[in-house]
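In what follows, a structure is listed as structure tokens, so that the remarks can point back to it.
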Amino acid sequence: MENKITREQAHEILMKYMKGENYIQHSYAVEAIMKGIAKRLAPDDVEYWGVVGLLHDLDEEQCDWQHDMSVHGPTSVEILKKEGFDDKVLGDAIKAHNPKCGMKARTKLQYAILAADPMSGFVKAVAQIYPDKKIASVKHKSVMKRFNELRFASGANRDYMEAIEFTGLSLDDLIDIALEEMGAIADVLGL
């Protein structure tokens with residue numbers, strides 16, 4: 001694949017277009033989970049899968065997705081093209097994390113980002129209910145328990161998280177990966 005974006009280039013672009021601290025932390029969390037998934041599914045492409053996670057919400061502050069979800073994803077692809085990166089694999093994965101833009105996940109990479117995105121927020125929501133609000137306190141069992149309480153973090157799309165099964169990994173695997181990888185960068189995430 002020609003002109004494959006590096007982590008440094010991706011981070012530079014992210015910082016150019018994204019200013020909100022919560023959005024940036026979310027991008028780091030999804031990057032970490034994607035790298036964790038890649039260690040199991042695509043060990044030669046860990047950095048690249050991480051970049052997909054890092055850039056999946058690149059357009060968050062650049063388009064009016066609150067009123068029209070179909071623009072969230074395609075706008076990121078346009079930004080990347082403008083920055084000199086016309087990478088169909090990367091672009092399609094970014095679009096696949098938001099099926100409302102018309103892109104349905106079909107590859108392991110696409111299913112991984114679809115599942116990693118809500119899982120990062122879900123794990124953070126579980127950590128927030130602990131007295132110390134630290135991811136280190138969160139156990140797999142608590143995440144599973146909350147997952148089955150549909151009122152808890154009701155905005156987190158459980159179907160998308162369960163879509164990890166299309167990669168050959170289980171929801172349990174995804175939870176373990178999220179806890180481990182987000183835990184490893186807990187200081188960066190403020191968790």
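Note that the structure is predicted; figures quoted are calculated from it, not measured.
If you take CG on L54 and CD1 on I13, they are separated by 10.0 Å, rounding to the nearest 0.5 Å. A distance of 10.5 Å separates CG in L191 from OG in S137, rounded to the nearest 0.5 Å. Once rounded to the nearest 0.5 Å, the distance linking CD of Q25 with CD of E21 reads 5.0 Å. Taken from NZ in K141 to CD1 in I175, the straight-line distance is 13.0 Å, to the nearest 0.5 Å. Here CG of L90 is found 6.0 Å from CG of L55. Values are rounded to the nearest 0.5 Å. The CG atom of L169 lies 6.0 Å from the CZ atom of R40; values are rounded to the nearest 0.5 Å.
Under the 4.5 Å side-chain criterion, counting only non-hydrogen atoms from C-beta, K124 is not in contact with H26. Counting heavy atoms from C-beta outward, I5 and L80 have side chains that approach closer than 4.5 Å. The closest side-chain heavy-atom distance from E165 to L174 is not below 4.5 Å. Residues M34 and V51 are not in side-chain contact: their nearest non-hydrogen atoms beyond the backbone lie 4.5 Å or more apart. Using a 4.5 Å heavy-atom threshold, the side chains of M182 and I33 count as touching. Counting only heavy atoms from C-beta outward, the side chains of C101 and M69 never approach each other to under 4.5 Å. Looking at R146 and F122, their side chains come closer than 4.5 Å, going by heavy atoms from C-beta outward.
Shown here is K133, whose NZ atom has more than 12 heavy atoms of other residues, nucleotides or ligands within 6.0 Å. Within 6.0 Å of NZ in K104 there are 12 or fewer heavy atoms belonging to other residues, nucleotides or ligands. Residue Q128 qualifies as enclosed at atom CD: its count of foreign heavy atoms under 6.0 Å is above 12.
In terms of heavy atoms, K95 sits closest to G73 at CG-C, 3.9 Å. L171 approaches M161 most closely through the heavy-atom pair CD1-O, 4.1 Å. The shortest non-hydrogen separation linking A32 to I185 is CB-CD1, 3.8 Å. Nearest approach of V123 to A178, heavy atoms of both residues: CG2-CB, 3.9 Å.
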Stepwise, does the side chain to side chain contact (heavy atoms under 4.5 Å, CB included) test hold for E61 with K19? CA-CA 8 Å; E61 299 170 321; K19 302 299 172 209; 4.0 Å; yes
Verdict with reasoning, Q9 to T6, per side-chain hydrogen bond (donor to acceptor under 3.5 Å, both in side chains): CA-CA 5 Å; Q9 291 166 323; T6 65; 3.2 Å; yes
With side chain to side chain contact (heavy atoms under 4.5 Å, CB included) as the criterion, how do I37 and I164 come out once you've worked through the C-alpha distance, each side chain's angles and the decisive distance to 0.1 Å? CA-CA 10 Å; I37 294 171; I164 194 65; 3.9 Å; yes
Go through L179 and V143 one step at a time and tell me if the side chain to side chain contact (heavy atoms under 4.5 Å, CB included) criterion holds. CA-CA 9 Å; L179 288 172; V143 178; 4.2 Å; yes
Walk me through it: do Y48 and D87 pass the test side-chain hydrogen bond (donor to acceptor under 3.5 Å, both in side chains)? CA-CA 11 Å; Y48 188 73; D87 176 342; 2.6 Å; yes
Which is it for M15 and H11 under the side chain to side chain contact (heavy atoms under 4.5 Å, CB included) test, yes or no, and what are the steps along the way? CA-CA 6 Å; M15 290 303 153; H11 191 260; 3.3 Å; yes
Before you tell me yes or no, could you show the steps for K145 and E149 under salt bridge (charged side-chain N to carboxylate O under 4.0 Å, His left out), namely the whole-Å CA-CA distance, both residues' side-chain angles and the distance that decides it to 0.1 Å? CA-CA 7 Å; K145 181 175 170 257; E149 284 173 22; 3.7 Å; yes
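Look at E162 and R158 and you find no salt bridge, because none of the NZ, NE, NH1 or NH2 atoms lies under 4.0 Å from a carboxylate O. A salt bridge links D45 to K4: at least one charged side-chain nitrogen sits closer than 4.0 Å to a carboxylate oxygen.
Although no hydrogens or angles enter the test, the distance criterion places no donor-acceptor pair under 3.5 Å between the side chain of D117 and the main chain of H97. Under the 3.5 Å distance criterion, the side-chain polar atoms of W49 are left unmatched by any main-chain donor or acceptor of L109. Side-chain atoms of D68 do not come within 3.5 Å of backbone N or O of D64 as any donor-acceptor pair. Side-chain atoms of K134 do not come within 3.5 Å of backbone N or O of Y130 as any donor-acceptor pair. Of the possible polar contacts, one joining the S76 side chain to the D59 backbone as a donor-acceptor pair under 3.5 Å is found. In this structure, the side chain of E60 does not engage the main chain of Y23 through any donor-acceptor pair within 3.5 Å. Without hydrogens or angle criteria, S142 side chain to K139 main chain gives a donor-acceptor distance under 3.5 Å.
For the residue pair S27/H56, the side-chain donor-acceptor check at 3.5 Å is not satisfied. Judged by distance alone, the side chains of S170 and D172 never bring a donor and an acceptor atom under 3.5 Å apart. No hydrogens or angles considered: a donor-acceptor pair under 3.5 Å links the side chains of E83 and Y17.
Grouping Ile, Leu, Val, Met, Phe, Trp and Tyr residues whose side-chain heavy atoms lie under 4.5 Å apart, directly or via other members, places L114 in a hydrophobic cluster with Y111, Y160, F166.
When each of E180, E47, E181 is tested with K39 by the rule salt bridge (Lys or Arg N to Asp or Glu O under 4.0 Å), just one qualifies, namely E181.
Cluster membership check: L189 shares its hydrophobic cluster with M119, using side-chain heavy-atom separations under 4.5 Å among Ile, Leu, Val, Met, Phe, Trp and Tyr. By the criterion of side-chain heavy atoms lying less than 4.5 angstrom apart, applied directly or through intervening Ile, Leu, Val, Met, Phe, Trp or Tyr residues, L58 is not grouped with M103; the two fall into different hydrophobic clusters. Under a hydrophobic clustering in which Ile, Leu, Val, Met, Phe, Trp and Tyr are joined whenever their side-chain heavy atoms come within less than 4.5 Å, directly or via other members, V46 and I113 fall into different clusters.
Taking the six-membered ring for Trp, F152 and F147 have ring centres at least 6.0 Å apart.
Judged as a side-chain hydrogen bond (donor to acceptor under 3.5 Å, both in side chains), and not counting sequence neighbours, the contacts of R7 are E31.
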